Structures are given as structure tokens and as C-alpha cells.
Amino acid sequence: MGEGATLPGFARRTMASYDFREIEERWQRAWEAQEMYRVPNPGDPGFDSTKPKMYILDMFPYPSGAGLHVGHPLGYIGTDIFSRYHRMRGANVLHPMGFDSFGLPAEQYAIETGVHPRLTTESNIANYTRQLKAFGFSYDWDRQLETTDPEYYRWTQWIFLRLFDSWFDVEQQRARPIAQLVEELEYGLRSADGVMWQNVPEPERREYLDSQRLAYIDEVPVNWCPALGTVLANEEVTVDGRSERGNHPVYQRPLRQWMLRITSYADRLIDELEMVEWPESVKTMQRNWIGRSEGATLIFDIEGHDPMRVFTTRPDTVFGATYMVMAPEHPLVDEITLSAWPDGTKPSWTLGIDTPRDAVAAYRLVASRKTDLERQIEDREKTGVFTGSFALNPLTGEDVPIFIADYVLMGYGTGAIMAVPGQDERDWEFADAFDLPIVRTVEPPSDFDGDAYTGTGPAINSGFLDGLSIPDAKVRIIQWLEANGAGKGTVTYKLRDWLFSRQRYWGEPIPILHGPNGELLAVPDDELPLRLPEVDDYRPHASDDENADPTPLLARASDDWKHVEIDGVPYTRELNTMPQWAGSCWYYLRYLDPHNSDLLVAPEAEQYWMGEHGIDLYVGGVEHAVLHLLYARFWHKVLNDLGHVGTKEPFGKLFNQGYILADAYQDARGVYVPVEDVVETQESFSYKGEEVTRTYGKMGKSLKNGVSPDDIFDEFGVDSLRLYEMFMGPLDTSRPWSTKDIVGVHRFLQRLWRNFIDEDTGDVLVSDTPSEGELQVLLHRTIEAVSKDMESLHFNTAIARFFELNNALVGLDRVPADIADIFPRLLAPMAPHICEELWHRMEKEGSVVTAPWPVCDKSLIAQNTATMVVQVNGKVRDRIDVPIAITEDEAVALALASERVQAHMRGAQPRRVIARLPNVVSLVV
RNA sequence: GCCGGGGUGGCGGAAUGGUAGACGCGGCGGACUCAAAAUCCGCUGGGCGCAAGCUCGUGUGGGUUCGAGUCCCACUCCCGGUACCA
């Protein structure tokens, strides 16, 4: 870097000034050469089994072309400090890093430029690695992994085949190998949907088994995104019905796709959250997403047709079910729709159309054209049409009309409801619009003047349920339904099975072969990895036509790759790829044993590092609450069921770091402009001469407001940046970036340097004698406070303690020996480079990285005096220094003797005295 | 609408029911300097007061308590998630 002239702040440079760039780069090279952060596995040379283990993990990044900005490493700095702290505390610390490198951006870039995604990915990873190393992070780089590495995705495919080879045993609530299902079927311990296995002919046997697998193909309504040329999982679609990546419109349509049976694990995914130490908000988000609700399925007979099944959480209200609704797509609709309106049909029920058949067809057409977004915009006004048919309410014995309406969704419950307008706001609105009867079955309070009443109260108009509370009535009616064959207690979930196929290129090929008769054949384990074939065009078969069929990109692979002959039978390869999430579902396991070519992970390594509760600290953004974190838990549970891992949950403790926010600028059209090219003028901002408006948001590519760490390194150094990001606030809150504020922590480091080093001579300014008195007390208080803050990740307050200790050293000729020994060790996890440099200049033994964490001398911080506050009528009137062991009598006497106190007592005697010694004496007059 | 989380100086933020505003940024004043930067010292929530000091003050309104930023009730605003989920 240049001389002081370009950096006015540091013009006065001498040989012995704080040359942070030189120091930081030199120590980073030294640490790498010494393999300082390498941690051996059990059985490896140098492994010390007497040390406790700590597995401290970051959510690995997608290596984007834009490189890191200063917002990315916020969590990484936190885990690095925590890792360094635990190393000094004597733990075996596993702290790895890798890259989640399959995914859309590299492929989009390939589409634009023709550059193979592998090349883009490689250069991005190289850049990310350089940037991460420049932060001085203490990763064990020997364990680095990339999800795009065939030696990695070999095991991703292997896990997929375990899912394919397993089924979920509902009684045991766990996955088991499908071979065991076949055995039990053959021994007659089970039947195939009620049919004895001997009586099932071969093609049906295969179809039955395929339908039981955890990875299966099914035709389901899926989210189809024409702009991306692929289908997406529910979790990848936003509230607005758009793709999470790219914000493109998404359409619902039925398609045959690979699915993973995550719904089998719904209960365990909820219940086993009890086992982990996670932010309550993330647990709640997962519970809400799984959406377990308990209720009942009721059977309503329809004369001359199959009965209608409905799910409700309020079976106690069935006496108030005055009409029925099916989703427009419900399969029973065609069957029950009449060809003529029955007598008594109200005109408002018919859409003004001559026959039910035409009316239903017209309504369905309109409903199918509405997107989810349009449904919202229309403010949920209730629409629908009568089918002409009636169902029998089994409790009231009355015939009630059956409608179709788009407020009932095919995707939830049974796709049909019993409508109880008295207790449901939506049903009330519909009943109101269609002039349907309303019967209250729960008595509202006397002052209730609303429409539907959803609160608690005794049952009314409900025959044998009258007078019962809602919970009692539910129990009673379910007993009745089960006794009379009219229904049963049921649990439903919002969670859908995980749509696992993508029609894109840059992902793991699904290792399945399709036979001539539709049979599915797994690629044998010993033929993995099934490598991603080359194609000459990465453009998806994108289309603006929402009805265009999705075509997998691997259809462009060579015929050699696509067609395989086994024993004379021609097979074709599965052409879909896996979603982005596949690789991140298990990467934390591969770090444990990254070079194992025989096993996903050796059992000894897995047992040691995962221990009883899995990963000791997992830090990442909250945006993965229902994506990665849910998917990974699901895979982990399957691997646990099949005996490949020892814990039920992978992530014992989760922590969500906040985001770094920054100003952003938009031009007149609302387009974001690069923040580095915006010029501040008098009271306004301009970009290329055009006025722009300032906004504010999460730092990143989309707002074009990223700040590169490289620039900060040059101007302030790595240690300053690390300290600054930690000092901005608690790790779990978002905070605004302000480059000019870095100067505060930078001054701290400059001051620290000058306290230890004579800038003119380079002499080390350390005394032979230790500190005494208040300074010694301050030192030990600092040890105590910083140690506590380290455990709880409260790095901002720890740094404030460092400032105080450092400021106390200013003005001393020399740093007392004990402080010189302890201070660099306390600070080393946060600012490792300057501490290592001071450590060596003082000629201390070894590296500060492996030095033991200082211990606080409690006898020194146990003070013998304290400041006692005297309150009169609750207001602080005086502060008196008192011995710590002061008695109540002495304290009260002292308080009453105070002139200030007396002034506020106005000669009166206290009516009441409360003493919390030695801190407070409170007098009440 | 429902479910989480939050509201403290000009700004970022500290405060086991017991001294509100630690620490930092910014600001003001001073020392050093020909000058500036850097560095060092002091001050810095509002109001009243020459001062000692008094008084108000943690989104709003109530409550519990000797004492409330902290606990309880109601409201309000902001952030995140989710939504015709029966």
C-alpha cells in the first residue's frame, strides 16, 4: 500500500508503527504453513481423545460471481471467534468450510455466455477461498468440500438411493429397507392394501413397492415456473406465488415428478424439535409450516353416489353444517353434478346458467384461470355455484346443498368441507352471499354482536352435545362418529411431500434407470458417481406459454449417456436433476470424514464429532428456517433410521445471525444503481449526473449496495473489520453498515499497539512487574466478563471491555507484566493477527492461537467496598461508599446521616426501611 | 387476520426488578502544531439554575412494587413469517 500521503490518518509512519497489512498477511502465511487449524480425526496421528469436542459450523455459501461483500461474513466472524475461544479452552474444534456450488446462477451465466458452469463455479470458489482466507478464519481447509465435486455428489446420489430403497413403517414411525417390506409381505405379516402378496401379480407387485418408497414418482399438482424452465418445491415459492429465486411467476399444474416422502416424518419433525436448542421463532416457523391440525373426517352420504368425505377441526359444530362445498377440482364434482336444476334452486345459486353442468363447467374455467395472486387481489369475495346435488347431514338428518367454490382448496384436507356459517367467518360470508341458512351451535356471550362466532362457549342447537364445552363436545362427537361409521378422528398437515425433480442442468443427476415397462431400476452403488453429462446448450426449454410441457435439460445429453442396455433390456436414464437443496442436506456429515472413498462417513468419526446432540453450534441466516433446515432434518432422520448416523437431530444448537443493512440508491425508474458510483451533493444524491433517491436494505447484489472487504482490508486491516462487525451490535440483530465508524475500533488497535510498542524505537514496552490495585481488579474483571460474553456470543459487550482495559493502559510507561501476558490472549479470538504479533514481539512461547485461555482470580474481583444507593420515596438521593459486609443497622445509620437524604426527609422519620445490602437502602417517609 | 420478535440520546448500542444511557461514532472546547492530520485531555439526554442542585425522561395509557427500560393489562407503530388450511 502507498505511503501516508494517500492516507492522511497515518501519515507519520515509522518502522515500528502498526503496519496491519504486513502483519496480517505475514501471520496468515505462517499459520497456513504451520497447519495451525488442522484438526485430526479419532485414530489419526496427533489426535487427543482426552479433549472435549466442539463442532462449530457455518451455513456454507453459494459461490456467486460477485464475490463476498462485508455482509456475508458476519456469522463467519462469530463462529471463528467462538472456535478460537474453544481451541484456547482446550477443545478439539472442528470448524470447516465448503461450497454449495450447484444451482441456478452459474447456469444462468452459462446461458448468457456459453461458459460451462463448472468453469464459472471453479473460478468463483477460488475467489471465495481467497477472500475467506484473507479474513484470517481458522477453518481446517483440508476438509473443504464442494457439492459439485463428483466425489461429493457420489454420496448425495447414494443417499437418494437409500431413500429409494426404503419405506416408512408407520407402526414403528421410522424408515426401513424396502427388502424388509418384501420379506414381511412374502411371509404374510403384511398385505398390500388388504390383498395377500401371493395374489398380487408381478406388474402390480412392482407398482405397489414403488408406491411405498420414500423416493417415488407421482402425478401431483406442482409449481411450474416457465421462466426458469423447471418445477419448484412449495418451500421455494413465495407468498406472492413467485419463484424464490428470480421472482418469476409460478403456475400450478399436475405433473409426474419425483417426490420425497417428507410427510411421513411430519410428527417427528415437530416432536423432535424439543430435543434441540434453537431460536423459538425458527421452531415456530417449522411447526407452522408442517401445520399439524387435529380434527375429524366426516362422511356425508349423497344419494346414488359415493359418499363425500370432509375434514374439520370443529366436528363439534356438525349440527350447524347447513351446506357443503367441494373444491372446483374435486374428483367427485363431475359425478354429482346434475343435468337440471332441482326444484327450489335459488336463482343466485346458478350463475344464471340453464343447467348445473354448464354452470359448474363455467365456474371451473374461471377458477382455473385465476392465479393465487388474483385470488388475493379480489379480496376474497366469496364465489361459487350449486351442483344440484344434496348430502345428508348425519346428525341433523337434513339434506344440505353441495356447492363448488374456490375458497375450498383441493390441496388441503379432503378438498371438501362441511360449511358451518355460525362458527366460521368464511362460511358465514358465503352463506350470506348465497342466502343459505345459519345455525349457531356455540352460544356466544350475551354482548356478542358479530357474525360468525369462533370463540368458546357451551354447545347449543346440537342435540346430545348441548351444554358441553368445545373440547368435550369434540370428544363426544368423535365417539359417536366412530360408533356409527360416520367418520373418525383425524390429523392433517399442511406439509406436502417434497417435489424433488428439476428440469435444469447444473444439479446432481438422479441415479435411476427407466425400463421398457415403466420399471424403475437404481443405478448400482458401485457405479456411482453418475456423472453429469456434457451438453452443448444450457438454455432451459423456457417458455412464456404456461401450458408448455417442462423438458429436462439432460434430454440434450448424448444418446450414449441416455440409453443403457442391461442383459439385453433397453433402459433410459432419468433426465431430471436434483434441487439445489440436495447437497446441503448432508454436507455437515461429509466434513467429518471428507476423503473417505469407501463410506459417506466412517462410524468412529461420525460418533466422535456428532456426539450426543449433533453440531454444537450452527450459525446461519433465518431465511433457511423452512428450507434447508427442514430438508436436512428429514434426511438426517432417514439416515438415522437406517443406521448410518447416531443422532436423531443434526443441529443441536442453532443461531441466526442478523444481516448487515446499508443505504441503497434508486434512479427515477426505481432501478438500483451501484452505491460506489453515487455522489452526495448538497442535500441530494446523484448517479452519472442524474438525481437518485436513497433507500435502505439488506446489503447485497439485488440492491447494488455491497461493500467489498478487500477495500476495508487495505484501509483498516482485517482485525479492524472483524472487530467492527462484532462491535456493531448483538450477533443476532441486523445492523446498518457505516464505513466511517470503523475508525473507532481501528483507533483501539492503534492505541493497543502504542501501549505495547514504542513507535520510534520498536521497543516492547512491557514491565517486569505485575499490575496492582484498581488496574489489577480491572484486569480480572475483564477476564471474567469477556469469558462470559464468549460463551453467550455477546461479542459487542466483550469489545467494550477491551476498550476500557486498553484506555486504562494509556499514559503508563510500560504495560504491567500480567496484563501484557493476558490481554493479547483475551483479544486473540477477535483480532488474532495483532495479538499474534504482540505475542511474538514479547517473545512468549508458541502461538497465541494455542495459548491457554486466561483464568480470572475471583479473590481479586471480590471487592471489599461497594457504592450504596440511598433512595427516599423511591428516588435516588445519595450514593455512599460502604464496606461490602456492612450491617443493616450501620447502613441505615449512614443513610440517615447523609445531608442530602435529610434534606429530602424534611425532618420526618422513615415509616419503612428496605435494605438490599450493600447496594440499596430505600427509605419511605 | 393469525404466529414470532421489537420500540432506550443526533447514530450503533449497554443495563441478574436496585446509580438508565457502559463502550463506540458524531459534536463541542482545550493542549500540541507555522498550519492541518494524527495523538492526548475535558464536556456531551431535555428543561430550570451563577452555582449547589432541582426536575422531566426508555413508543402510549393504566397497574403491581419501597423501587419498573425490565413484571402484568390494554393500545400503538415497526420488522419477520404465514394466510380463504376448514
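None of the values given here were measured: they were computed from a predicted structure.
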Syn/anti state for B:G9 [syn: chi within 90° of 0]:
syn
Among B:C3, B:A86, B:C40, the nucleotide that comes nearest once only the side chain of A:Thr284 is considered:
B:C3
Is the phosphate of B:G80, meaning OP1 or OP2, less than 4.0 Å from a side-chain N or O of A:Asn656?
no
Within this structure, what is the OH-to-P distance between A:Tyr407 and B:G1, rounded to whole angstrom?
21 Å
Identify which nucleotide among B:U19, B:C23, B:A86 has an atom closest to any side-chain atom of A:Tyr412, counting heavy atoms from C-beta outward.
B:A86
Closest approach of A:Arg287 to A:Glu280 (non-hydrogen atoms, all atoms of both residues)
NH1-OE2, 3.5 Å
Can you check the distance between B:U33 and B:G49, where both ends of the measurement are the P atom (answer in whole Å)?
40 Å
Classify the nucleic acid contact of A:Thr492 as base, sugar-phosphate or nothing, counting any heavy atom under 4.0 Å across all strands shown.
nothing
Give one of base, sugar-phosphate or nothing for A:His794, where a contact means two heavy atoms less than 4.0 Å apart.
nothing
With both distances under 3.5 Å as the test, what is the Watson-Crick or G-U wobble partner of B:G42?
B:C28
Can you tell me the base-pairing partner of B:A37? Count Watson-Crick or G-U wobble geometry only, both distances below 3.5 Å, and say none if there is no partner.
none
Return the nearest nucleotide to the side chain of A:Ile914; candidates are B:C66, B:C54, B:A86.
B:C66
So, the side chain of A:Lys283 versus the backbone of A:Val276: is there a donor-acceptor pair under 3.5 Å, distance only?
yes
Are A:His746 and B:G24 close enough that a side-chain N or O sits under 4.0 Å from OP1 or OP2?
no
Counting only side-chain N and O atoms of A:Arg747, is one of them less than 4.0 Å from OP1 or OP2 of B:A37?
no
Provide the distance between the two P atoms, one in B:U8 and one in B:G69, to the nearest whole Å.
15 Å
Using only side-chain N and O atoms of A:Asn796, determine if any of them is under 4.0 Å from OP1 or OP2 of B:G24.
no
Applying a 4.0 Å non-hydrogen cut-off, can you work out what A:Pro730 is touching in the nucleic acid: base, sugar-phosphate, or nothing?
sugar-phosphate
Please check the phosphate of B:C66 (OP1 and OP2 only) for any side-chain N or O of A:Arg912 closer than 4.0 Å.
yes
Residue A:Pro736, side-chain atoms from C-beta onward, closest of B:C84, B:G12, B:A15
B:G12
Same-atom distance (P) from B:G45 to B:G6, integer angstrom:
28 Å
Rounding to the closest angstrom, what is the interatomic distance between B:C72 and B:U64 at atom P?
15 Å
Under-4.0 Å side-chain N/O to phosphate OP1/OP2 contact, A:Lys875 with B:A20:
no
Can you give me the closest heavy-atom contact between A:Phe300 and A:Ala391, atom names plus distance?
CB-CB, 4.0 Å
Looking only at side-chain N and O atoms, does A:Arg916 come under 4.0 Å of OP1 or OP2 in B:U65?
no
Between A:Met285 (CE) and B:C2 (P), how many Å, whole number?
19 Å
Between A:His780 and A:Glu784, a side-chain donor and acceptor under 3.5 Å:
no
For the student: nearest non-hydrogen atoms of A:Ala798 and A:Met830, plus distance
CB-CE, 3.7 Å
With sugar-phosphate meaning primed atoms plus P, OP1 and OP2, does A:Phe803 contact a base, only sugar-phosphate, or nothing at under 4.0 Å between heavy atoms?
sugar-phosphate
State which of B:C23, B:C25, B:A86 makes the closest approach to the side chain of A:Arg426.
B:A86
For a quick test of reading the model: is some side-chain N or O of A:Arg801 closer than 4.0 Å to OP1 or OP2 of B:A14?
no
Return no unless some side-chain N or O of A:Arg900 is found under 4.0 Å from OP1 or OP2 of B:C54.
no
Does OP1 or OP2 of B:G81 have a side-chain N or O of A:Arg287 closer than 4.0 Å?
no
Can you tell me the pairing partner of B:G80 across any strand shown, Watson-Crick or G-U wobble, with both distances under 3.5 angstrom?
B:C3
Rounded to the nearest angstrom, tell me the gap between atom CG in A:Asp760 and atom P in B:U39.
16 Å
Within the side chain of A:Thr312, is there an N or O that forms a donor-acceptor pair under 3.5 Å with the backbone of A:Arg314?
yes
Taking CG from A:Leu923 and C1' from B:G18, how many angstroms apart are they, rounded to a whole number?
14 Å
Distance between C1' atoms of B:G30 and B:G5 (Å, rounded)
46 Å
Considering every strand and a 4.0 Å limit on heavy-atom distances, what is the contact class for A:Asp427: base, sugar-phosphate, or nothing?
nothing
With sugar-phosphate meaning primed atoms plus P, OP1 and OP2, does A:Glu804 contact a base, only sugar-phosphate, or nothing at under 4.0 Å between heavy atoms?
sugar-phosphate
Are any of the side-chain heavy atoms of A:Val491 and A:Arg292 separated by less than 4.5 Å?
yes
Side-chain-base donor-acceptor pair under 3.5 Å for A:Lys740 and B:C25:
no
Output the rounded distance in Å from CG (A:Leu805) to C1' (B:C23).
13 Å
Taking B:C73 as the reference, what is the distance to B:G4 when you measure between their P atoms (whole Å, please)?
13 Å
To the nearest angstrom, how far is A:Asn873 atom CG from B:A68 atom P?
12 Å
Relative to A:Trp278, does A:Arg633 satisfy both conditions: NZ or CZ under 6.0 angstrom from the six-membered ring centre, and within 45 degrees of the ring's axis?
yes
Judged by each residue's nearest nucleotide on RNA chain B, which is more toward the 5′ side, A:Ile417 or A:Val622?
A:Val622
Measure from the side chain of A:Trp289, starting at C-beta and using heavy atoms only, and say which of B:C66, B:A86, B:U82 lies closest.
B:U82
With sequence neighbours left out, what residues match A:Phe434 under ring-ring contact (aromatic ring centres under 6.0 Å, His included)?
A:Phe403, A:Phe430
From the list B:G4, B:G12, B:C23, which nucleotide is the closest neighbour of the side chain of A:Ser281?
B:G4
Is there a donor and acceptor pair closer than 3.5 Å between the side chain of A:Glu425 and the base of B:G1?
no
Taken to the nearest whole Å, CD/A:Glu623 to P/B:G80 is 13 Å
Length of the line joining A:Leu627:CG and B:U82:P, which is rounded to integer Å
9 Å
Say you pick atom C1' in B:G21 and the same atom in B:A15; how far apart are they, in whole Å?
8 Å
For A:Arg877, answer base if it contacts any base atom (sugar-phosphate contacts may also be present), sugar-phosphate if it contacts only those atoms, and nothing otherwise; contact means non-hydrogen atoms under 4.0 Å.
sugar-phosphate
Mapping A:Val743 and A:Gly411 to their closest nucleotides on RNA chain B, which lands nearer the 5' end?
A:Val743
A:Glu804 and A:Thr782 side chains, donor-acceptor separation under 3.5 Å
no
Give none if B:C50 has no partner; otherwise give the nucleotide forming a Watson-Crick or G-U wobble pair with it, both distances under 3.5 Å.
none
Give me the distance, rounded to whole Å, that separates B:A52 from B:U70 when you measure between the C1' atoms they each carry.
33 Å
